[in-house]
Amino acid sequence: MKVLGIESSCDETGVAVYDTEKGLLADQLYSQIDLHAEYGGVVPELASRDHIRKTTPLIKDVLSQANLTLSDLDGIAYTSGPGLIGALMVGASIGRSLAWGLNIPAIAVHHMEGHLLAPMLESNPPQFPFVALLVSGGHTLLVDVKSIGDYTILGESLDDAVGEAFDKTAKMLGLAYPGGPVLATLAKTGQADAYKFPRPMVNRPGLDFSFSGLKTFALTTWNNSEKTEQVKANIAHAFQEAVVDTLFIKCRRALESVKSKRLVVAGGVGANKRLREKLQQLNADVYFPRLEFCTDNGAMIAYAGATRLQAGEAEGAIIQPRPRWSLEELTVPA
Ligand code: KG4
Ligand code: ZN
């Protein structure tokens, strides 16, 4: 079964074709970073308009990359939420109407299920069950994953998501947008013991997170310090260490709580090198998607959609994008 996947939930247009027999056939991504950079963050209306411009040309590109025509497709998967409503509407409208025109099934994919299943695109995919750490710009979740669609949230952020905390801290330090990867690069030149930042909520029982205090701690430290590039790098380093340590401690606790030895890490912050390195120290097998499939992409949507379409799921001829949508509302394909 050849499935076209369309991702348009935020500031990246991703389109891919996944074949349930041959694997990933083609994958294209257009990032809107340059468009939003001058505003220091995503401008939703500009994002929607740009998805309109880019989705159809990208569909043509992936089909030609895969040596396919529209009539070779067996299904279409599109991100239906969570995300920006206008941006979601674009991928959903194009995906659903194209499926209607081709008379093939369409499936609405949960963006975080896409992230969670992204490691399945690698040559050594994890087996179920596992614990997933999902760390993106909008979410920080620890999930007990029994099978596709059987998700229990073990912990989540009570305020800022990890990626959001990275981005806001970077912005405070005057770093370029998007801040996460820029801050991570700067952290490499920071001195290890210049500052010690707190590890929020690790002394309390439970698996929830809070990152907004850490961001404020970084701001206070910066305001009270000499304004040099080295100090900036030192703060970036201390911030990243605090985040990575906190995630490490909570992952270890989550694995113990469900007696699992398998951890899947996905979402944009999963591309963070220091986090990848640190989580290897867990007494567990740790799985990550390749770097480009940590951040938003069409391949994970094509894969998640193909899995559900293959199990016989499909949507009616309507679209219902959901800006807010909990993973726990998903169900196991019949
Ligand atoms: O999954 P994603 O591409 O989009 C959402 O679904 O939100 O995640 C984007 C987030 C941004 O906050 C970005 O700054 C962060 O992931 N990010 C990183 C790194 N690469 C991306 N944060 C820290 N280190 C990185 N290397
Ligand atoms: Zn994402």
Side-chain angles (χ1 to χ4, degrees), residues 9-12 31-47 82-84 87 111-112 115 133-142 155-190 194-202 208-225 227-248 250 265-275 294-296 323-324:
S9 66
C10 190
D11 58 349
E12 251 121 20
S31 169
Q32 301 178 352
I33 284 178
D34 294 344
L35 180 69
H36 302 293
E38 68 173 291
Y39 306 98
V42 179
V43 182
E45 182 59 26
L46 294 183
L84 302 169
H111 181 79
M112 299 312 289
H115 274 305
L133 171 70
L134 302 180
V135 274
S136 70
H139 296 84
T140 307
L141 295 168
L142 270 166
E156 61 193 317
S157 181
L158 303 178
D159 40 58
D160 292 354
V162 193
E164 189 181 357
F166 261 97
D167 294 341
K168 287 180 176 169
T169 303
K171 200 170 181 178
M172 276 164 10
L173 294 173
L175 305 181
Y177 164 87
V182 181
L183 188 148
T185 304
L186 182 63
K188 283 189 212 155
T189 57
Y195 300 103
K196 177 85 178 160
F197 278 36
R199 275 58 176 154
M201 293 183 69
V202 295
D208 287 336
F209 304 91
S210 166
F211 291 106
S212 76
L214 208 48
K215 172 193 70 190
T216 312
F217 196 91
L219 177 63
T220 312
T221 309
W222 177 236
N223 285 342
N224 294 330
S225 303
K227 304 285 175 291
T228 65
E229 286 307 306
Q230 187 58 53
V231 165
K232 211 185 258 191
N234 293 348
I235 292 177
H237 184 93
F239 172 83
Q240 179 173 263
E241 283 306 303
V243 170
V244 166
D245 247 6
T246 306
L247 293 174
F248 176 85
K250 293 287 166 92
V265 184
V269 185
N272 185 279
K273 296 256 170 57
R274 181 70 187 116
L275 179 66
C294 282
T295 41
D296 291 347
R324 298 177 74 83

Point-to-point distance, once rounded to the nearest 0.5 Å, from OG1 of Thr221 to NZ of Lys196
13.5 Å
Single hit among Thr220, Asp167, Asp160 for side-chain hydrogen bond (donor to acceptor under 3.5 Å, both in side chains) with Lys215
Asp160
Give, for atom NZ of Lys171 and atom CG of Leu183, the distance between the pair rounded to the nearest 0.5 Å.
14.5 Å
Give me the one residue out of Leu142, Leu134, Leu141 that meets side chain to side chain contact (heavy atoms under 4.5 Å, CB included) with Glu156.
Leu141
Heavy-atom closest pair (Cys10 atom, Val42 atom, distance to 0.1 Å) is SG-CG2, 4.2 Å
Hey, could you give me the CD1/CG distance between Ile235 and Leu186, rounded to the nearest 0.5 Å?
9.5 Å
When you compare the side chain of Asp208 with that of Ser157, does any pair of heavy atoms fall below 4.5 Å?
no
What are the two closest non-hydrogen atoms of Tyr177 and Ala37, and how far apart are they?
CD2-CA, 3.7 Å
What pair of heavy atoms forms the shortest contact from Ala218 to Thr169, and how long is it?
CB-CG2, 3.7 Å
Just verifying a value: how many Å separate Ser136 OG and Asp296 CG, rounded to the nearest 0.5 Å?
7.5 Å
Okay, side chain of Lys227, backbone of Trp222: is any donor-acceptor separation there less than 3.5 Å?
yes
Validation row: Pro82, Arg324 side chains within 4.5 angstrom (heavy atoms)
no
Side-chain donor/acceptor of Gln32 to backbone N/O of Glu12, under 3.5 Å:
no
Whether the side chain of Asp159 engages the backbone of Ser212 through a donor-acceptor N/O pair (distance < 3.5 Å, no angle test) should be reported.
yes
Heavy-atom pair of closest approach, residues Ala161 and Thr140:
CA-OG1, 3.3 Å
Within this structure, what is the CD-CG distance for the pair Glu45 and Leu84, rounded to the nearest 0.5 Å?
11.0 Å
If we only count heavy atoms from C-beta on, is the Phe248 to Leu275 side-chain gap below 4.5 Å?
no
Starting at CD of Glu229, measure out to OG1 of Thr189 and round the result to the nearest 0.5 Å.
8.5 Å
Has His36 got a side-chain atom pairing as donor or acceptor with Val43's backbone, closer than 3.5 angstrom?
yes
Tell me whether Arg274 is salt-bridged to Glu241, with the criterion being a basic N under 4.0 Å from an acidic carboxylate O.
yes
Closest contact, heavy atoms only, Gly268 versus Thr295:
CA-CG2, 3.7 Å
Would a 4.5 Å heavy-atom cut-off, applied to side chains only, mark Val202 and Phe209 as touching?
no
Is the backbone of Met201 close enough, under 3.5 Å, to the side chain of Lys250 for a donor and an acceptor to pair up by distance?
yes
Can you give me the closest heavy-atom contact between Phe197 and Ala242, atom names plus distance?
CB-CB, 3.7 Å
Judged by atom type as modelled, is there a donor-acceptor pair below 3.5 Å linking the side chain of His237 to the main-chain atoms of Ala187?
yes
Does the ring center of Phe166 lie less than 6.0 Å from the ring center of Phe211?
no
Answer yes or no: is there a donor N or O on one side and an acceptor on the other, between the side chain of Gln240 and the main chain of Asn272, under 3.5 Å?
no
